[in-house]
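Excluded from the calculations below are hydrogen atoms, water molecules and symmetry mates; all remaining heavy atoms, backbone and side chain alike, are included.
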Amino acid sequence: MSLAAAVKSTTRISWKPTGTLQQTLTNTITKSGIGLHSSNPVTVTLCPELAGKGRFFDVDGRVVGASIDSVVPSALCTTLCGEEGVRVRTIEHLVSALEATGVDNCRVEIRDSGGDRDFEVPILDGSSKEWVEAIEQTGLENALDRHGNVCERMAPFINEPVSVCRDDSFVAAFPSSDTRITYGINFPQVPQIGCQWFSSPLNSSIYSTDIAPSRTFCVYEQVEKMQNAGLIKGGSAENAIICSASKGWLNPPLRFADEPCRHKVLDLIGDLSLFARGGNRGIPIAHIIAYKAGHSLHADFVRCLSSSSAE
C-alpha cells in the first residue's frame, strides 16, 4: 500500500515511516460483560484483519469505522455511528488498548442483547487492563493485505503547534521527537481528587503497567443525577472507583495515587486512536498536553488534526 493511498502530509502534519510493519492479532479474542451506560449483556470478539483495513466494528454485518469521521455527540463516553445508523458507544477503553499495543488492523464483532441499533462495548473492570492482558496473551503478527503483502506502518508527526480549547480546558500538541502525554485534572469540590498531573512518554510497556490498569472514576454526589439522565445503569463499585466530596474514596484501594488522572490519559489515547487511517498509527508523534478535557474536547482536537491533514 502506498502512503498516498491512506495518508497525506501537510505543513502541520507529516506522515512518515516508523520502520515497522502493520500488525494484527494472531487469533481471536472474546470477552463478555455489561455496558456501563446500558447495563445490557454484551459479547465482543476481536478478530485478525487484513493490512490496510484498520480498526472497525462489525455489528451483524453493519460496519462502524473506528474513525473520527464516525464520532457523534454523546454524554460521558465516545460513540461511533455507522451503516444504517448503528451506534456503538463506550469504545474508548478498547480502542485505547488496541492503539497502545499496536493492533493496527482489527475487526471488532459485537453481540449485544439490548437492541437493533444501539450497542455498547463492555466496561469490564473500568480500565483497559483486561483487554491488554488478552492481547498480550494472544500475540501479534504482521498483517498481510489481500495480495499477501506486508504494509509499512506510518505515523503522524506534528510539525507545528496544534490546539483546541473550551473555557479553561484545552488539548494541545507540540513538535517532539517522540510521543509524550501530559494531562491535568482539577476537582476542587472533591478534595481527595483535587488537582492532579500525570506526564509520561508513551510506549506499549509503559501503557501496560502505568496506564491500562487505571479505572474510570465518578463523584458519588453526582451518581443520582447521572442515573436520572439514563446513564451509568451498569455502573458499580466493581467497574469504577467512587469518590465522595465529604467521605473520600468509597471503594479503596486505588491502584495509583493519581489513578483518576491516569485514567484520563487512557481515555485520551483511545480518542486519539480515531485519527488512525489505513492501518497506520493514530496517536501523533508529539508532546500532547491536556487540561480538564473530556471526550468531546478530545474529539474536537482529533477533528482539528484531521482537517489539518486534509489541507
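The backbone N or O of Ser205 sits less than 3.5 Å from a side-chain atom of Thr209, completing a donor-acceptor pair. In this structure, the side chain of Ser128 does not engage the main chain of Trp131 through any donor-acceptor pair within 3.5 Å. The backbone N or O of Arg303 lies less than 3.5 Å from no partner atom in the side chain of Ser306, so there is not a single donor-acceptor pair. A distance-only check finds a donor-acceptor pair linking the side chain of Thr26 to the backbone of Thr138 [under 3.5 Å]. Looking only at distances, a side-chain donor or acceptor of Glu120 sits under 3.5 Å from a matching main-chain atom of Leu36. Within the 3.5 Å criterion, the main-chain N or O of Ser307 finds no donor-acceptor partner in the side chain of Arg12. The backbone N or O of Gly184 lies less than 3.5 Å from no partner atom in the side chain of Lys264, so there is not a single donor-acceptor pair. In this structure, the side chain of Asp118 does not engage the main chain of Arg87 through any donor-acceptor pair within 3.5 Å. Looking only at distances, a side-chain donor or acceptor of Thr24 sits under 3.5 Å from a matching main-chain atom of Asn105. Judged by distance alone, the side chain of His287 and the main-chain N or O of Phe174 form no donor-acceptor pair under 3.5 Å.
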### Task
Any chance you could lay out the side-chain contact (heavy atoms from CB on, under 4.5 Å) test for Thr11 and Asn159, step after step, and finish with the verdict?
CA-CA 7 Å; Thr11 56; Asn159 298 326; 5.9 Å; no

### Query
Would Cys243 and Gln192 count as a side-chain contact (heavy atoms from CB on, under 4.5 Å) if you check the C-alpha gap in whole Å, the side-chain angles of each, and the deciding distance to 0.1 Å?
CA-CA 7 Å; Cys243 194; Gln192 286 295 312; 3.6 Å; yes

### Task
Step by step, work out the side chain to side chain donor-acceptor pair (under 3.5 Å) result for Thr101 and Ser204.
CA-CA 5 Å; Thr101 57; Ser204 60; over 6 Å; no

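For the pair Val121/Val95, no side-chain contact is recorded, criterion being any heavy-atom separation below 4.5 Å from C-beta on. Considering only heavy atoms from C-beta on, Asp267 comes within 4.5 Å of His93 through its side chain. Looking only at side-chain heavy atoms (C-beta outward), Arg262 and Ser200 stay at 4.5 Å or farther from each other. Between Arg166 and Ser296 the shortest side-chain heavy-atom distance falls below 4.5 Å. A heavy-atom distance below 4.5 Å is not found between the side chains of Glu221 and Gln189. A 4.5 Å side-chain heavy-atom check between Val150 and Gln22 finds every atom pair outside the cut-off. Counting heavy atoms from C-beta on, the side chains of Arg62 and Phe119 come closer than 4.5 Å. The shortest distance between side-chain heavy atoms of Met154 and Arg277 does not fall below 4.5 Å.
Contact detail for Pro156 and Ile13: the closest heavy-atom pair is CB-CG2, 3.8 Å. Between Asn239 and Leu124, the shortest heavy-atom contact is CB-O, 3.3 Å. Residues Pro284 and Thr179 approach most closely at O-OG1, 3.1 Å, considering heavy atoms. Contact record, Val164 with Cys304: CG1-CB, 3.9 Å, taken as the closest heavy-atom pair. Contact between Cys77 and Thr79 at its shortest, heavy atoms only, is SG-OG1, 3.6 Å. Scanning both residues, Cys218 and Val223, for their nearest heavy atoms gives SG-CG2, 4.0 Å.
Listed by first then second residue, pairs satisfying salt bridge (Lys or Arg N to Asp or Glu O under 4.0 Å) with a partner in residues 18-32 read Lys31-Glu130, not counting sequence neighbours.
With hydrogens and angles left out, the side-chain atoms of Ser169 and Asp167 include no donor and acceptor closer than 3.5 Å. Checking Ser127 against Asp125 by side-chain atom types alone, a donor-acceptor pair falls below 3.5 Å. Between the side chains of Thr182 and Ser199, at least one donor-acceptor pair of N or O atoms lies under 3.5 Å.
Remark: Arg107 pairs with Glu49, Glu109 by the salt bridge (charged side-chain N to carboxylate O under 4.0 Å, His left out) rule, at least two apart or across chains. Taking Ser96 as the reference, Tyr207 meet the side-chain hydrogen bond (donor to acceptor under 3.5 Å, both in side chains) condition, with sequence neighbours excluded. Tyr291 is linked by a ring-ring contact (aromatic ring centres under 6.0 Å, His included) to Trp197, counting only residues two or more places apart in sequence or in another chain.
Hydrophobic clustering (side-chain heavy atoms under 4.5 Å, transitive across Ile, Leu, Val, Met, Phe, Trp, Tyr) keeps Val265 apart from Ile289. Put simply, Phe157 and Phe301 are part of two different groups of oily side chains (I, L, V, M, F, W, Y) that touch within less than 4.5 Å, one to the next. Clustering ILVMFWY residues whenever any of their side-chain heavy atoms sit less than 4.5 angstrom apart, transitively, puts Val302 in the very cluster that holds Leu268. Under the 4.5 Å side-chain heavy-atom criterion for ILVMFWY residues, a single connected hydrophobic cluster contains both Val132 and Val108. Val219 and Leu231 sit in two unconnected hydrophobic clusters of ILVMFWY residues. Membership requires side-chain heavy atoms under 4.5 Å apart, directly or through other members.
One distance of note links CG of Leu80 with CD of Glu92; it measures 9.5 Å at 0.5 Å rounding. Here the straight-line distance linking atom SG of Cys261 with atom CD1 of Ile211 works out to 10.5 Å at 0.5 Å rounding. For the atom pair Asn27 CG and Leu46 CG, the distance stands at 11.0 Å (nearest 0.5 Å). Note that the CG atom of Leu274 and the NE2 atom of His298 stand 11.5 Å from one another [nearest 0.5 Å]. Rounding to the nearest 0.5 Å gives a distance of 10.5 Å between CD of Glu259 and CD1 of Ile193. Atom CD1 of residue Ile269 and atom OH of residue Tyr183 lie 11.0 Å apart, to the nearest 0.5 angstrom.
The 12-atom threshold is exceeded at CD of Gln227, counting heavy atoms of other residues, nucleotides or ligands nearer than 6.0 Å.
Of the options Leu94, Val44, Val86, a side chain to side chain contact (heavy atoms under 4.5 Å, CB included) to Phe57 is made by Leu94 and by none of the others. None of Arg281, Arg153, Gln23 except one satisfies the side chain to side chain donor-acceptor pair (under 3.5 Å) rule with Asp104; the exception is Arg153.
The hydrophobic cluster around Tyr220 extends to Ile242, Leu250, counting ILVMFWY residues whose side-chain heavy atoms fall within less than 4.5 Å of a member.
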Donor-acceptor contacts, no H, no angles, side chain residues 63-71, under 3.5 Å, sequence neighbours left out:
from	atom 1	to	atom 2	distance (Å)
Ser67	OG	Asp69	N	3.1
Ser70	OG	Gly65	O	3.1

